[in-house]
Amino acid sequence: MIVDSLDILRRRRSAKWRAYPDDVLPLFVAEMDVPLAPAVADVLRAAVEASDTGYSAAGPELGAAVAGFAGRRWGWEVDPGRVTPVADVGVGVVELLRVLTRAGDAVVISPPVYPPFFHWAAEAGAQLREVPLTKDLRLDLAGLESAFAARPAVYVLCNPHNPVGRVHSRDELAALVTLASRYGVTIVSDEIHGPLVLPGATFTPFLSLPGAAEVGVSLVSASKAFNLAGLKCAAVVEGNRPLTASFPPDVRWRTGHFGLLATVAAFTHGDEWLDGLLGFLDERRTHLDELLHTQMPWISWRPPQATYLAWLDCRAGDADGEPAELFLERGRVALEPGLKFGAAGVGHVRLNFGTSGAILEEAVTRMARAVR
Ligand SMILES: Cc1ncc(COP(=O)(O)O)c(C=O)c1O
């Protein structure tokens, strides 16, 4: 389920393995140390064998694969005709914002949140408004109601929420549907981490809620759960309002052919592999809790309900400076600095535990040594 040899991992040429020198353990960007799911490897291998490296084709396969996966795993009935491929989730959100906003319209987000959320509104010519999560890292529904009363065009929801790992509850999402309907706000739901909901939590796809199709549009992807980020494919799932028909015609050519092939294979034949991965990540989550408890008990965190990303509050430590810098400079462990996720991230780091037990243990040991 995991590649545990650093020598083998360092042969990878992706961002995770090329951003830092070899003495650094890279636990920053959201890539996992897994080997590809066999169904995905097979389809890619066959494409290479056939020199099948042209443009992605606009066929019905992606819609059928997304609908099958959503139905089996979440009981969410997706109309395959409402599924549109895009190059990645970021491209999908920006193109949706271009359709949904006019110059000067506001787009609301809830930090701490995945850093590109801060840039997407500007790319589409819109203004950003922040309604941070509450202290216990939930959606601030009262704050969102105040913000929605000023009639922003869009709220970009992170469901489940990176970096805090929260799986928003059905009731919270239903309240969001009510607010969006009341104030005429469109909800763009980024559900890239939906397939990574861990044992103990239940994922509610936004569009599966009553009334959500009138106010929402979602983005799904196999790229986080199956480690396919470099292949460039995600899917927009529309509600009742046609939006992708207004995308510029060239958007259709920007999806990666390998990404689309891999996504269809993952969503069609990847359930068993994904179940194994979720079991593995559940173990790593417990393992990390034990390691932090014994080596750095002053770090506080809520083990995430989804993802392989841990949001660590290091403010109780007496170390000077930003913790990510300290862990990198003295410990040679690369983590994401909390401030990248917004002002609420001060004193925090985000750690990627999608790695072997041995690497995780070594990383935490180095981190503890760095602050001693
Ligand atoms: C919430 C969220 N959205 C989007 C992305 C990036 O997705 P893509 O590479 O498909 O743009 C990530 C990557 O980690 C993410 O965490």
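Hydrogens, waters and symmetry mates are skipped; everything else that's a heavy atom, side chains included, is used. Counting starts at 1 for both ligands and their atoms, following the listed order.
- Relative orientation of the Trp120 and Phe117 rings is tilted, given thresholds of 30° and 60° on the angle between their planes.
- Here Trp17 pairs with nothing under the ring pair (Phe, Tyr, Trp, His ring centres under 6.0 Å) rule; sequence neighbours left out.
- Residues satisfying the ring pair (Phe, Tyr, Trp, His ring centres under 6.0 Å) test with Phe28, not counting sequence neighbours, are Tyr20.
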Where do Glu362 and Arg366 land on the salt bridge (charged side-chain N to carboxylate O under 4.0 Å, His left out) test, with the steps shown first? CA-CA 6 Å; Glu362 170 69 14; Arg366 288 188 192 191; 2.8 Å; yes

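- Residues Asp136 and Thr134 have side chains that bring a donor and an acceptor to within less than 3.5 angstrom of each other.
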Can you list every pair where an N/O of ligand 1 is under 3.5 Å from an N/O on the protein?
unit_1, atom_1, unit_2, atom_2, d
ligand 1, 3 (N), Asp190, OD2, 2.5
ligand 1, 10 (O), Val89, N, 2.8
ligand 1, 11 (O), Val89, N, 3.2
ligand 1, 11 (O), Gly90, N, 3.0
ligand 1, 14 (O), Lys224, NZ, 3.2
ligand 1, 16 (O), Asn162, ND2, 2.7
ligand 1, 16 (O), His193, NE2, 2.7

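- Listed by chain and number, the residues in a side chain to side chain contact (heavy atoms under 4.5 Å, CB included) with Tyr183 are Glu145, Phe148, Ala149, Arg151, Leu179, Val185 (sequence neighbours excluded).
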